[in-house]
Amino acid sequence: MSLKRKDLLSIASLSAEEISLILETSDPFKEVSGREIKKVPALRGKTVVNLFFEPSTRTRTSFELAAKRLSADVINFSPSSSSVVKGETLIDTARNIESMQADIIVLRHSSSGAAEALAKHVHSSVINAGDGWHEHPTQALLDLFTIKEKKGRLAGLTVAIVGDVAHSRVARSDIHGLLKMGAEVRLVGPPTMIPPFIERMGVKVFSNFDKALPGVDVVIMLRLQLERQGRSLFPSIREYANLYGLTSERVQRTETDLLVMHPGPINRGVEISHEVADSAQAAILAQVSNGVAVRMGLMYLLSQLQ
Ligand code: CP
């Protein structure tokens, strides 16, 4: 079975079968990263361009490593030293890159919908590496991969997503992915950080973290996006940490073998305590490792159509 689409723009647009296909295809690529020579020829002769208009540590590096481990040629485009500073548009920039025979363009952009707009204008495959508040589909795929790896399944699990859901593209992609794969989703946060009417998606909403915890199998802590929403959505960071921070006491309250996840970067002592972040239950670095395998699997599948 192959992924019959040119681009990966969102989790909302994927079927459960397509998500399963990406996860299953990614699984054998994990072994490649454990080898002494971490390379397979799957994308030999292909060119991958990383087009990141926003800062990134994990996603950009992960796509670069994934493409190199598949033997693709990789270009990391830096907007600050390009003709973007002279006013060239995203579409014109991408069309010029495509003219140099780029097969896959990986785009991170601050505007929601940027990846979809780009995909309509280029023949190259476009992968959304995060667009505004909209979606971050490969983060959700690596989250699903990690949950399945650690818990053995996705269907029937209860997953809490905690924090600034309203500003989080990771939360939006995770919600779509988890619901499609049969998990129960609980959203936890102050009402100012939960989008109105989100229950219509089929999630449960809690403003009290302690009430949401019993029976939770997996908790995904979201980064408090201090650079985006400042301090206006809650009285103080200390109060936020008291009400919504994940501590060892809260981990105990689940009365399950809780799996702790976070997309990064983490604010230690705010949304997650040092102790929990470094505990055996935390899969934060496993998420990062799995991200390389998932991006290898995804780029391999997309290249099958080219
Ligand atoms: N998880 C994530 O998107 O991290 P970066 O912003 O470092 O890429």
Side-chain angles (χ1 to χ4, degrees), residues 8-12 22-23 26 33 48-69 74-80 104-115 126-147 149-150 159 161-178 193 218-229 246 259-268 270-272 276-277 282-299:
L8 190 276
L9 304 175
S10 67
I11 297 293
I22 296 168
L23 301 186
S26 303
S33 294
V48 175
V49 178
N50 277 328
L51 197 53
F52 277 59
F53 287 82
E54 273 191 345
S56 167
T57 298
R58 281 146 290 270
T59 312
R60 200 200 60 75
T61 313
S62 182
F63 269 110
E64 181 173 357
L65 282 173
K68 285 182 171 169
R69 287 179 187 172
V74 185
I75 302 297
N76 290 310
F77 175 89
S78 168
S80 62
I104 299 177
I105 298 175
V106 181
L107 177 72
R108 172 169 287 192
H109 202 279
S110 58
S111 297
S112 298
V126 174
I127 300 177
N128 180 7
D131 61 330
W133 300 353
H134 175 227
E135 280 223 33
H136 190 347
T138 58
Q139 178 68 44
L141 290 168
L142 73 89
D143 287 347
L144 295 173
F145 185 95
T146 304
I147 295 170
E149 178 182 65
K150 302 282 181 191
V159 182
I161 302 177
V162 183
D164 187 3
V165 175
H167 293 90
S168 175
R169 56 195 175 204
V170 174
R172 228 168 304 288
S173 290
D174 276 342
I175 293 166
H176 284 298
L178 287 162
M193 293 185 185
V218 182
V219 63
I220 300 175
M221 301 304 296
L222 298 174
R223 182 171 74 85
L224 196 55
Q225 305 201 23
L226 300 169
E227 79 284 9
R228 281 201 174 141
Q229 33 83 338
L246 187 63
L259 183 69
V260 176
M261 298 172 61
H262 193 304
I266 60 177
N267 298 304
R268 285 173 180 266
V270 181
E271 67 259 3
I272 190 164
V276 175
I284 300 169
L285 294 179
Q287 289 173 263
V288 178
S289 303
N290 288 337
V292 178
V294 166
R295 288 166 179 132
M296 288 172 82
L298 174 63
M299 287 194 281

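Just so you know, ligand 1 is whichever comes first in the structure, and atom 1 is the first atom listed for that ligand. FYI, side chains are in, hydrogens and waters are out, and symmetry mates aren't considered; it's all heavy atoms of this structure.
Summary of contacts: the protein heavy atom closest to atom 1 (N) of ligand 1 is Pro263 O, 2.9 Å. Here the protein heavy atom with the shortest distance to atom 6 (O) of ligand 1 is Arg108 NH1, 2.9 Å. The protein atom (non-hydrogen) at minimum distance from atom 7 (O) of ligand 1 is Thr57 N, 2.8 Å. The shortest contact between atom 2 (C) of ligand 1 and any protein heavy atom is with Thr59 OG1, 3.5 Å.
Taking 4.0 Å as the cut-off between side-chain N and carboxylate O, Glu54 and Arg169 count as a salt-bridged pair.
With atom 3 (O) of ligand 1 as the reference point, the heavy atom nearest to it among His136, Arg58, Arg223, Gln139 is part of His136.
The environment of CD1 in Ile75 is sparse: at most 12 heavy-atom neighbours from other residues, nucleotides or ligands sit within 6.0 Å.
Note on ligand 1: Gly264 sits in its first shell, one or more heavy atoms being nearer than 4.0 Å.
Between Val159 and Val219 the shortest side-chain heavy-atom distance does not fall below 4.5 Å.
Using a 30° and 60° split on the angle between ring planes, His167 and Trp133 fall in the perpendicular class, above 60°.
For the pair Arg295 and Phe63, the cation-pi test (distance below 6.0 Å, angle within 45°) is passed.
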